[in-house]
Amino acid sequence: MNATSALETLRFDDRFRRELPGDPRTDQRPRQVPGAAWSPVSPTPVASPEVIAYSAEAGALLGLTEHDAAEPRFAEVFGGNALLDGMEPYAARYGGHQFGHWAGQLGDGRAITLGEALHEGQRWEVQLKGAGPTPYSRSADGRAVLRSSIREFLCSEAMFHLGVPTTRALSLVSTGDRVLRDMLYDGNPAFEPGAIVCRLAPSFLRLGSYEIFAADRDPALLRTLVEHTIRHHFPELGEPTDEAILAWSAEVCRRTAALMVEWLRVGFVHGVMNTDNLSVLGLTIDYGPYGWLDPYDPDFTPNTTDLPRRRYRYASQPQIGLWNLERFASALALLGLPQEGLVAGLQGYVDTFRATYAEMGAAKLGISEAGPESSALWEDLLGLLCRAEIDWTLFFHHLADVQPGSASDRVQAIRPALYDEAPEGLADWLQRWLDLADDRDRMTHANPKVILRNFLVQEAIDKAHSGEMGAVHELLRRIQHPYEPEPGWQDFARRRPEWARHAPGCSMLSCSS
Ligand code: AMP
Ligand code: MG
């Protein structure tokens, strides 16, 4: 007799649906849904769901094993063809500022939350991305292509292992259906294989989830959502009084500031920092046209749509984080909260960012405590890195090995991180660093060796398109050990090869996912 699958014993609770008003309609037709926080909607079945990648560690969060993932039932559920007992699926309603402009109602256009799973005292929102149309799909199809699903699946797990707050990815399921996309936005749409990622988070609530009710001029519903958020996701703040709401908005600011520092530390560029893509829990969410720094370049934006203005460039992320939080604070003002309180929260963003950023720089440089000297050394380094093509990740990795010696010995130690000639001043800078670095152990966990380099994902995607998933699985293993990698890691820590400099998917990504 077969043991009951852990899948069938998963428990769900529809708390969000229970506590917040929903859309009375049940069809998928695109529409405005005022007065609601969600719409009931089921995934649209796909032709032949097949699990092509699975994160055992994310599965363990729900009490699932590889054995469960191998069952046909798993592919049916996480491909959107079947629901488990207790699942009450819905699409969430939210709005957002996109590229600096209020865009009105957006909502889960292709994400469907299956339910909130309960396991060992934890609660995980279980969400499919690419599971078909919802009332928020507007004119789009609600689907996702394989390439972007591989990117979200791998990057969620890479960020987690880097220690950066993030949503998780449980599974990657190919659908057997084709999806039409104009990948380069050049008028040449083509059919691509479709896929669905199952992602997990305590909640996918975003800044835009609150903004929409302010835009609706619906303070009662805004308050209900804020109270729900504080009660369940920030219980340490106590009863959601006005005072607690201000403390909560300040905490959202601090968490976002800390997240921005983490992105800068590992060289991550989100690419679409619209307010609908910023988590209220301070998690990295919505992996789209993101990218990683190869050579240090403060102007780097991976998103082709962002190229004209570079609003979401690497170095602007902290500033955009603040801009987004200002929109969030304006939305909360509708609750009649004192403006000074909201402004104090925003000031907390600036203060947290400054302090955390200084400490991050000191840690990456192996200096025991941040101070004016470490900050000056850090700023001079960024200036130096701009003067030549120098790999962000490899620079810190090789820095840890620099020993006192001649100027040319010092530069030689950094050579593997250089794409071209060493910039003038590098040897002197390295000498200053040698004089200040009093805690090199600090560098080990501040400086990853293996990151999800753009070209590595693209190579894995190319192989997946010819039916070979081995490279995705190998990358998943490698990104699980970014700081103290397993033998053979050097191949996954290479400088960007020349072919990837301008290749689509490596240096440029569109939103057509
Ligand atoms: P994003 O920039 O990916 O965060 O998406 C912005 C908005 O567009 C969100 O409301 C998404 O749900 C929606 N969206 C993006 N792609 C699709 C798609 N293929 N089908 C339906 N809605 C989509
Ligand atoms: Mg989004």
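Atoms within each ligand, like the ligands themselves, are counted from 1 in listed order.
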> Checking side chain to side chain contact (heavy atoms under 4.5 Å, CB included) for the pair T284/S279: CA distance, chi angles, key distance, verdict?
Replying inline: CA-CA 7 Å; T284 312; S279 151; over 6 Å; no
Yes or no: does [X] have any heavy atom under 4.0 Å from an atom of ligand 1?
X	value
G288	no
R181	yes
G107	yes

Which protein non-hydrogen atom lies closest to [atom], naming both residue and atom, and how far is it?
atom	value
atom 16 (N) of ligand 1	R110 NE, 3.3 Å
atom 1 (P) of ligand 1	N277 ND2, 4.1 Å
atom 21 (C) of ligand 1	G109 O, 3.1 Å
atom 5 (O) of ligand 1	D276 OD2, 4.7 Å

Are [X] and [Y] in a cation-pi setup, meaning NZ or CZ lies under 6.0 angstrom from the ring centre and within 45 degrees of the ring axis?
X	Y	result
R327	W102	no
R206	Y94	yes
R151	Y290	yes

>> Run L337 and I245 through side chain to side chain contact (heavy atoms under 4.5 Å, CB included) and show every step you take.
In response: CA-CA 9 Å; L337 300 166; I245 295 174; 3.7 Å; yes
>> Under 3.5 Å between any N/O of R138 and any N/O of ligand 1: does that happen in this structure?
In response: yes
> Polar-atom distance check: D141 versus ligand 1, any N or O pair below 3.5 Å?
Replying inline: yes
>> Which residue is it: F455, F268, W392? I am looking for the one with a ring-ring contact (aromatic ring centres under 6.0 Å, His included) to W292.
In response: F268
Between [X] and ligand 1, find which residue part has any heavy-atom pair under 4.0 Å and reply side chain, backbone, both or neither.
X	result
D286	side chain
R143	backbone
N274	neither

> For the atom pair OG (S330) and CG (L342), what is the distance rounded to the nearest 0.5 Å?
Replying inline: 8.5 Å
> Roughly how far apart are E157 CD and E152 CD, rounded to 0.5 Å?
Replying inline: 10.5 Å
> If hydrogens are left out, which of A140, S139, G95 has an atom nearest to atom 18 (C) of ligand 1, that is, the closest non-hydrogen atom?
Replying inline: A140
> Step by step, would you call V261 with F353 a side chain to side chain contact (heavy atoms under 4.5 Å, CB included)?
Replying inline: CA-CA 7 Å; V261 174; F353 179 80; 3.6 Å; yes
> From the Mg ion (ligand 2) out to just under 2.8 Å, does an N/O/S atom of N274 turn up?
Replying inline: no
> Relative to the heavy atoms of G142, which atoms of ligand 1 are at a distance of less than 4.0 Å?
Replying inline: 18 (C), 19 (N), 20 (N), 21 (C)
> Any idea which N/O/S atom from D286 gets closest to the Mg ion (ligand 2)?
Replying inline: OD2
> Per the side-chain hydrogen bond (donor to acceptor under 3.5 Å, both in side chains) rule, which among N274, T301, N303 passes with Y312?
Replying inline: N274
